[in-house]
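All heavy atoms count here, side chains included; hydrogens, waters and symmetry mates do not. Index from 1, following the sequence. Given the structure is predicted, the values throughout are model-derived calculations rather than measurements.
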Amino acid sequence: MNKLIWLLCCIAFTANAQKNSLRELINRKQFEEVLSQTKLLTSSDSTHAETMYSIGEAYEGLLKYKDAFRTYKICYALDSLNRDFLYAMARTATNLGKVSEAKSSYGKILAMDSTNFYASYQLARLHYQLDEFKDAMQIYSRLLDKDPDNSALWRSMGDCYTRTRQNEIAALSYFKAYSLNRENGSLANTLINTLLRLGGKDAADALAICDTALFYNPGNIQLRQSKGMALYTNKQYAAADSVYTALMAEGDSSYTTVSYTGVSRYNAGLFLASIEPLELAYQMDTTSAEICLLLGSSLGKTYDRERAFVFFDKAEKAMQPSELLVNQLLLFRADIHMKARNFEESSRLYYQAYQRNKKQIDYLAQIAFMYSAKNNESYRTEEEKQRGLFIHYYYASEMLKNGPNTGQLRYLTNLLQSFHQELFFKGIKELPMLAPDGKRSMLSADDLQAVIKALEIKNKESKSDNNKNEAL
């Protein structure tokens, strides 16, 4: 019996010594050494929660979050009431992007202690990352009820208001945070930019905050840039130029500083002095319409009118939307009008899109679909009939040039033949047409007959090809 007690004491002592050894290594941040010692561990060590926790910390310290998370889960399985294990699972889950796992862990902690500040704050941050701003603000609000003088909480609340585009309330939250921590340059800059977005009197307040913030952070480049922007927004162009010029002299070559140096000088009436920074800004971004416009104006007002017009042309080109976006907008508008059965407007837009890109014959097919009919007598009004004749004649002509849509040959032939029969029975030589763009014209019997014959030939060729394919 005494031998058994002695043996159990030895085992307990060995386990404790091992646990203490790993803990000392963790405290000294010797994470590699901890993992190297895991090779000496036995399978029974995996049942010691504290030992596994130290291993998890080593993995986490080496940024091996996947291994750390797996190890912490083992710890939690061994002791589900240990909050340290839950915190560790939440941390590593967040780093792995397992947001639902992290939220679950913090939720379990709060189920044990609903007043836990750290878990509440971290849960609010997770809601924010998931764009669940309402949930995040509810938590921040509860925390602020308990700690109304917490600058970090007010800033987090301001971030939520910013993301939900409530800039005025965001500014109030940031100001509350700033009033509690005036030495925080990043916070001051966030408040300044929010006020500048609001404009008006708020922009004037931003300028005052710049001076206070720079008192505590005199070398902060971001704050100095913000002061330049505040001066510019308040139309103090010469003062803004002084700030930006000083920044450039100190090596700040950012696009914002370079461009606003030029723009400030231009608005201050210093046209010649504005040319150099505006040219530098143009080299950094050749697509800016404003820079091209002001550079051209400065050149024109000083010594180079010929070059001024070059930049005016560049500005005009930069103001134009991309060809792809213009066409996409036309098609979106056309499709919506078609679904609303506004065929006249829809056909005009599809026709305009086709004129911009004549490879897209499907645009004509869409118009033809809107004015489809069994024959020429099926149209309800004379205008609709004229529109139907134009689009089917035009669609057939263009389709024959670009390779026929065999599925449309018979339909087009039959419909156009009905119009030709009208010419014969009425004893007339031409029919009126109305294009989608509103232009009126006349279609002669000879031109109509030529297209019908071409369609019939293509139709026969198509049937012949189909018969050959079936024989094969």
Side-chain angles (χ1 to χ4, degrees), residues 149-271 273-274 276-278 280-281 284-285 288 290-291 293-295 297-298:
D149 294 330
N150 192 311
S151 176
L153 291 176
W154 281 110
R155 181 172 188 172
S156 296
M157 186 69 91
D159 291 340
C160 290
Y161 284 125
T162 297
R163 291 293 299 276
T164 54
R165 299 183 180 181
Q166 301 180 67
N167 289 325
E168 290 186 359
I169 306 177
L172 292 173
S173 297
Y174 289 138
F175 184 79
K176 180 64 176 179
Y178 171 71
S179 65
L180 293 167
N181 186 6
R182 295 182 183 275
E183 297 181 16
N184 190 321
S186 172
L187 174 58
N189 203 51
T190 300
L191 172 59
I192 292 163
N193 289 329
T194 304
L195 292 172
L196 290 177
R197 282 196 298 271
L198 291 172
K201 182 180 180 298
D202 293 302
D205 293 337
L207 191 54
I209 292 171
C210 283
D211 293 332
T212 303
L214 283 168
F215 174 80
Y216 291 105
N217 303 272
N220 190 304
I221 291 178
Q222 286 187 327
L223 283 172
R224 293 171 68 191
Q225 288 176 335
S226 294
K227 181 173 182 179
M229 185 63 69
L231 288 166
Y232 179 85
T233 304
N234 284 283
K235 298 183 180 181
Q236 299 180 35
Y237 303 121
D241 170 41
S242 297
V243 173
Y244 286 125
T245 299
L247 285 168
M248 285 186 65
E250 294 171 21
D252 181 1
S253 58
S254 64
Y255 179 75
T256 297
T257 295
V258 172
S259 61
Y260 272 93
T261 301
V263 174
S264 296
R265 290 179 183 179
Y266 179 89
N267 283 287
L270 306 173
F271 304 119
S274 72
E276 182 179 356
L278 287 173
L280 288 173
M284 297 167 77
D285 181 9
S288 172
E290 182 184 14
I291 294 299
L293 194 63
L294 296 183
L295 180 53
S297 179
S298 296

Novice: Where the side chain of S179 meets the backbone of K176, is there a donor-acceptor pair that is under 3.5 Å apart?
Specialist: yes
Novice: Could you tell me which non-hydrogen atom of L214 sits nearest to which non-hydrogen atom of N220, and how far apart they are?
Specialist: CD2-O, 4.2 Å
Novice: Measure across A171 and L191 and return the closest heavy-atom pair with its distance rounded to 0.1 Å.
Specialist: O-CD1, 3.6 Å
Novice: Would you compute the distance between atom OG of S186 and atom CD of Q222 and round it to the nearest 0.5 angstrom?
Specialist: 7.0 Å
Novice: Is any side-chain N of the basic residue among K227 and D211 closer than 4.0 Å to the acidic one's carboxylate O?
Specialist: yes
Novice: Spell out, as yes or no, whether a donor-acceptor pair under 3.5 Å connects the side chain of Y174 to the backbone of D159.
Specialist: yes
Novice: If I compare all heavy atoms of Q225 with all of Y244, which pair ends up nearest, and what's the gap?
Specialist: O-OH, 3.6 Å
Novice: So, does S298 use its side chain to make a donor-acceptor pair with the main chain of L294 at under 3.5 Å?
Specialist: yes
Novice: Any side-chain heavy-atom pair from I291 and M284 closer than 4.5 angstrom?
Specialist: no
Novice: Mark yes when over 12 heavy atoms from residues, nucleotides or ligands other than I221 sit less than 6.0 Å from its CD1; otherwise mark no.
Specialist: no
Novice: Answer yes or no: is there a donor N or O on one side and an acceptor on the other, between the side chain of N234 and the main chain of A203, under 3.5 Å?
Specialist: yes
Novice: So, the side chain of S297 versus the backbone of L293: is there a donor-acceptor pair under 3.5 Å, distance only?
Specialist: no
Novice: Would a distance-only check, ignoring hydrogens and angles, find a side-chain to backbone donor-acceptor pair under 3.5 Å from N189 to G185?
Specialist: no
Novice: Between L207 and T233, is any pair of side-chain heavy atoms under 4.5 Å apart?
Specialist: no
Novice: Measure the spacing between OH of Y161 and CG of L172 and express it to the nearest 0.5 Å.
Specialist: 9.5 Å
